Amino acid sequence: MNDFWEGLKNYLLYLERLGVKTLPAKKAFKRFLELDLSPAPKDLAEIAAEIKGCTRCPLHRTRTNIVLGEGPSHTKLMLIGEAPGREEDLEGRPFVGRAGKLLDQMLKAINIRRADVYITNVVKCRPPGNRNPEPEEIEACLPYLRKQIKVISPKIICTLGLIAAQTVLGTTEPLSRLRGRVHQLDHLKVVVTYHPAFLLRFPANKRLAFEDLKLLKKIYDEVK
Ligand code: SF4
């Protein structure tokens, strides 16, 4: 367990001994990461073992592969999309189709290597026909994402697309109001941008996405 989670756990146990039952946590952070006392998984392999064969939501019925994520086990930047698509479902890897190629180009444009970034999605199984995941499916799958964040311990999260942004930030605000600035969720900085699949359909938004990427690069270089 890293220092942050160890410290948080000890502090919560201390408050519990004092009889404190609830905490005035920020709504978005509490909803997304949840202040629970469960220990962080040892590593990503432990999460992979837990998720194997998962049937927590109906998406298990139509998936080919669970797409847990890909990248270093500890890194300062984590990218979070919404759900695997067709190619990802077939290969069991995130962002490998046309959208994946565009994501590679986006990272290259700001001189960040894909190999240095952990990439995952809010839900780990493909919704049929690439529809948006339902709120119940997101809720069922979020514990895995929370555990990934505990293990990887990123400093920065970049959300790709509306669903990832709204889930991570615990908001219903439109993407146009969420992008273009840095959100602070306790120790995490969050930058919001468009999903590459959306940019393939609506390339006029690439200019705005590039502004987001420049902002991401700025804090990426600042954060040690
Ligand atoms: S989407 Fe998540 S919760 Fe649903 S079956 Fe897949 S791994 Fe389990």
Side-chain angles (χ1 to χ4, degrees), residues 5 27-75 77-100 103 114 117-154 157-172 175 185 188 190 192 194-198:
W5 291 109
K27 185 166 174 266
F29 179 67
K30 188 173 194 301
R31 174 177 155 68
F32 181 55
L33 287 180
E34 283 188 348
L35 296 172
D36 62 46
L37 297 179
S38 61
K42 184 163 57 51
D43 51 26
L44 291 174
E46 189 177 318
I47 305 173
E50 184 190 343
I51 204 171
K52 198 173 174 196
C54 177
T55 56
R56 280 187 200 167
C57 88
L59 295 182
H60 79 274
R61 296 195 196 105
T62 46
R63 73 173 176 232
T64 310
N65 286 297
I66 292 174
V67 184
L68 181 56
E70 189 173 87
S73 52
H74 298 287
T75 182
L77 175 60
M78 199 166 169
L79 301 184
I80 303 177
E82 64 186 50
R86 188 171 157 276
E87 287 86 354
E88 288 80 14
D89 175 61
L90 292 173
E91 281 199 37
R93 295 178 54 217
F95 287 91
V96 291
R98 284 180 65 222
L103 179 65
R114 176 170 169 142
V117 175
Y118 192 87
I119 306 175
T120 187
N121 287 295
V122 170
V123 298
K124 315 303 188 194
C125 300
R126 182 195 180 205
N130 289 357
R131 65 161 169 76
N132 289 339
E134 298 290 344
E136 306 76 46
E137 293 159 354
I138 293 173
E139 204 60 47
C141 210
L142 267 185
Y144 298 120
L145 180 59
R146 293 184 184 114
K147 288 178 184 184
Q148 286 174 303
I149 292 170
K150 280 189 184 182
V151 170
I152 293 160
S153 200
I157 285 178
C158 178
T159 61
L160 305 169
L162 178 65
I163 287 182
Q166 290 185 336
T167 301
V168 169
L169 295 170
T171 180
T172 53
L175 194 131
L185 283 184
L188 287 170
V190 180
V192 170
Y194 296 96
H195 195 286
F198 175 84

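In each ligand, atom 1 is the first atom listed, and ligand 1 is the first ligand listed. Here the structure is a predicted model, which means the values were calculated and not measured.
- Judged by the shortest distance from any of its heavy atoms, I51 lies inside the 4.0 Å radius around the atoms of ligand 1.
- Residue contacts to atom 4 (Fe) of ligand 1: H60 brings no N, O or S atom closer than 2.8 Å.
- Near C141, with a cut-off below 4.0 Å to any heavy atom, the atoms of ligand 1 are 1 (S), 2 (Fe), 3 (S), 7 (S).
- Atoms of ligand 1 lying under 4.0 Å from any heavy atom of C54, numbered from 1 in the order shown and given with element: 3 (S), 5 (S), 7 (S), 8 (Fe).
- A distance of 4.5 Å separates CE of M78 from CD1 of I149, quoted to the nearest 0.5 Å.
- Atoms CD1 and CD1, from I66 and I51 in turn, are 5.0 Å apart once rounded to the nearest 0.5 Å.
- Side-chain atoms of D89 come within 3.5 Å of backbone N or O of T64 as a donor-acceptor pair.
- Put simply, CZ on R63 and SG on C57 are 8.5 Å apart, with the number rounded to the nearest 0.5 Å.
- With a 4.0 Å heavy-atom cut-off, ligand 1 is reached by no atom of E137.
- Annotation for ligand 1: atoms under 4.0 Å from non-hydrogen atoms of R63 are 5 (S), 6 (Fe).
- With a cut-off of 2.8 Å, atom 6 (Fe) of ligand 1 has an N, O or S atom of C125 in range.
- Each of R56, R131, K124 was scored for a salt bridge (Lys or Arg N to Asp or Glu O under 4.0 Å) with E137, with one residue passing: R131.
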The test is side chain to side chain contact (heavy atoms under 4.5 Å, CB included); show your working for T167 and L145 and say whether it passes. CA-CA 11 Å; T167 301; L145 180 59; 5.5 Å; no
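- Scanning the protein for heavy atoms near atom 4 (Fe) of ligand 1, the closest one is C57 SG, 2.4 Å.
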